[in-house]
Participant: 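This structure is in structure tokens; I'll ask about it shortly.
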Number of protein chains: 2
Amino acid sequence: MKLSSSLEDYLEAIYNVIKVKTAARATDIAKKLNVANSSVTNALQILVNHDLINHAPYDIITLTPEGTRIAKQLVWKHEVFRDFFTTVLAIDSDTANQCACSIEHIIPDEVVERFVQYLDFERQCEYGGKRWVEGFGFRRNAVTDENDQCEVCKEGQEKDARSEK
Amino acid sequence: MKLSSSLEDYLEAIYNVIKVKTAARATDIAKKLNVANSSVTNALQILVNHDLINHAPYDIITLTPEGTRIAKQLVWKHEVFRDFFTTVLAIDSDTANQCACSIEHIIPDEVVERFVQYLDFERQCEYGGKRWVEGFGFRRNAVTDENDQCEVCKEGQEKDARSEK
DNA sequence: TAATAACTTTAGACTAGACTAATTTACTGC
DNA sequence: GCAGTAAATTAGTCTAGTCTAAAGTTATTA
């Protein structure tokens, strides 16, 4: 039962509103997603049919366990991508969020896992960490001359040379 | 004049067919994109209206200069992402292509540029290159113990220690 | 408690993009 | 040069997702 990007957006928005307000109203979602109220009503009915939310007409909106599970997964993906874009690629936070928001519906779980592992490594690895350039992200601006070698490479090579003596 | 993902797919498919066959036919595109012939006809009319392809009914399909420009850009994005997924994250080539195919319509140019810079660095940097694990991609499996340090980090530290003596 | 405001839903229209079935056109081999 | 086949187009249908406008429901407050 694969949800469309659009329905995933609704579900995620509901989750995010509930995190702050304990229960969501249609208007909250409409504002958040910048769509008409009637579009929300429409989406809610579908999500109810899929047993992802609890919602009677004119009533508040809450998530079912399954809805919560899926929403959390979406939020997780969103955060992983936002993180990757800002931390590794040093993309500004608005663009990073926008990109995350669209690709989170597309990239399969296994691939997101790889992003997580990669991010973890970057954070744990001494050498990786050292190469992080404030405001530019991991390594992005690190290649500084025509020799195709960054400062860290050169340092490394010098050390290699010394330690091989 | 932003094209939809779907129209971009058609344009890219046309480009790829033309690369091999000098001119494309509707059936080629239909097979490539796995859609009905009539869907292709439909898309072609829109692309003609946008001056991205040359095509008279029942005739062959070629790209206009503008169409070529856009198609090339799409192919470029596709390749950058495929590269990133296979080379850095060590995703299998099918999945990598699928992911590339969907996010190429979404990620803005500036962000793709960052991916390129990142890939370039990974290829140029001695230390980065050394950490590439065959079959697992750059660094992915490099963190091997509870000390949160990979082999390369340790090596590096040992060298640091020796060279500081 | 009645009026009003705010919210929600319904009804109906529209668009993009796909499909099938029927028709039209172009090509190929005799 | 014509018959048969392959390809392309047209016509019409369907779905998902959006919208506006109107009507219905709930909540607030005088």
Participant: Walk me through it: do A/D9 and A/S6 pass the test side-chain contact (heavy atoms from CB on, under 4.5 Å)?
Facilitator: CA-CA 5 Å; A/D9 277 335; A/S6 165; 5.5 Å; no

Participant: For B/T86 and B/I91, indicate whether the former's side chain and the latter's backbone hold a donor-acceptor pair under 3.5 Å.
Facilitator: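 Here the side-chain-to-backbone pair does not exist.
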
Participant: Less than 3.5 Å apart, which donor and acceptor atoms pair up between the side chains of residues 42-50 of chain B and the rest of the protein, not counting sequence neighbours?
Facilitator:
unit_1, atom_1, unit_2, atom_2, d
B/N49, ND2, B/Q45, O, 3.3
B/H50, ND1, B/I46, O, 2.9

Participant: List in numerical order all residues of residues 15-25 of chain B for which some heavy atom is under 4.0 Å away from an atom belonging to DNA chain D.
Facilitator: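 Result for residues 15-25 of chain B: B/R25, sorted by number.
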
Participant: Specify the separation, in whole Å, of atom CG of B/L44 and atom P of D/dA7.
Facilitator: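 Spelled out: CG on B/L44 to P on D/dA7 is 16 Å.
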
Participant: Side chains of residues 27-39 of chain A: which donor-acceptor partners sit under 3.5 Å, not counting sequence neighbours?
Facilitator:
unit_1, atom_1, unit_2, atom_2, d
A/D28, OD1, A/K21, NZ, 3.4
A/D28, OD2, A/K21, NZ, 3.1
A/D28, OD2, A/R25, N, 2.9

Participant: Which pairs, with at least one residue in residues 67-85 of chain A and sequence neighbours excluded, count as a side chain to side chain donor-acceptor pair (under 3.5 Å)?
Facilitator: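 Output for this query lists A/E66-A/R69, A/Q73-A/D109, A/K77-A/D109, A/H78-A/N97, A/H78-A/E104, A/D83-A/R123.
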
Participant: Can you list, in residue-number order, the parts of residues 45-61 of chain A that come under 4.0 Å of DNA chain C, counting heavy atoms only?
Facilitator: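 DNA chain C contact set from residues 45-61 of chain A: A/Q45, A/H55, A/P57, A/Y58.
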
Participant: Hey, what are the protein-to-nucleotides 18-20 of chain C N/O distances that come in under 3.5 Å?
Facilitator:
unit_1, atom_1, unit_2, atom_2, d
C/dA18, OP2, B/S6, OG, 3.0
C/dA18, OP2, B/Y10, OH, 3.2
C/dC19, OP2, B/A36, N, 2.7
C/dC19, OP2, B/S39, OG, 2.6
C/dT20, O4, B/S38, OG, 2.7

Participant: Just the rounded figure in Å: distance from C1' of D/dA16 to CG of A/L33.
Facilitator: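 Those two atoms, CG and C1', are 16 Å apart.
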
Participant: Output the rounded distance in Å from CG (A/D9) to C1' (D/dG17).
Facilitator: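 Answer to the nearest Å: 12 Å.
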
Participant: Measure CD1/B/I29 against P/D/dA7 and give the value in whole Å, please.
Facilitator: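 Whole-Å distance recorded here is 14 Å.
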
Participant: Taking only residues two or more places apart in sequence or in another chain, which ones pass side chain to side chain contact (heavy atoms under 4.5 Å, CB included) with B/Q98?
Facilitator: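 Scan of B/Q98 (side chain to side chain contact (heavy atoms under 4.5 Å, CB included), adjacent residues dropped) gives none.
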
Participant: Kindly say if A/T41 contacts the phosphate of C/dT10, meaning a side-chain N or O under 4.0 Å from OP1 or OP2.
Facilitator: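 Result: no.
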
Participant: Using the test salt bridge (Lys or Arg N to Asp or Glu O under 4.0 Å), find all partners of A/D94 that sit at least two apart in sequence or belong to another chain.
Facilitator: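 Residues passing salt bridge (Lys or Arg N to Asp or Glu O under 4.0 Å) with A/D94: none at all.
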
Participant: How would you list, by chain and number, every residue that makes a side chain to side chain contact (heavy atoms under 4.5 Å, CB included) with B/S102, sequence neighbours excluded?
Facilitator: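 By the side chain to side chain contact (heavy atoms under 4.5 Å, CB included) rule, B/S102 matches A/I106.
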
Participant: Going by the rule side chain to side chain contact (heavy atoms under 4.5 Å, CB included), which residues pair with A/D59 if we only count those two or more places apart in sequence or in a different chain?
Facilitator: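 Expected list: A/A56.
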
Participant: Can you tell me the distance, in whole Å, between the CG atom of B/D28 and the P atom of D/dA7?
Facilitator: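 Whole-Å distance recorded here is 9 Å.
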
Participant: Return the set of residues passing side chain to side chain contact (heavy atoms under 4.5 Å, CB included) with A/I18 (not counting sequence neighbours), or none when no residue passes.
Facilitator: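 Result, side chain to side chain contact (heavy atoms under 4.5 Å, CB included) vs A/I18: A/I14, A/A24, A/L63.
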
Participant: Which listed nucleotide (D/dT9, C/dT8, D/dG17) is nearest to the side chain of A/T27?
Facilitator: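 The listed nucleotide nearest to A/T27's side chain is C/dT8.
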
Participant: Return the set of residues passing ring pair (Phe, Tyr, Trp, His ring centres under 6.0 Å) with B/Y15 (not counting sequence neighbours), or none when no residue passes.
Facilitator: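 By the ring pair (Phe, Tyr, Trp, His ring centres under 6.0 Å) rule, B/Y15 matches no residue at all.
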
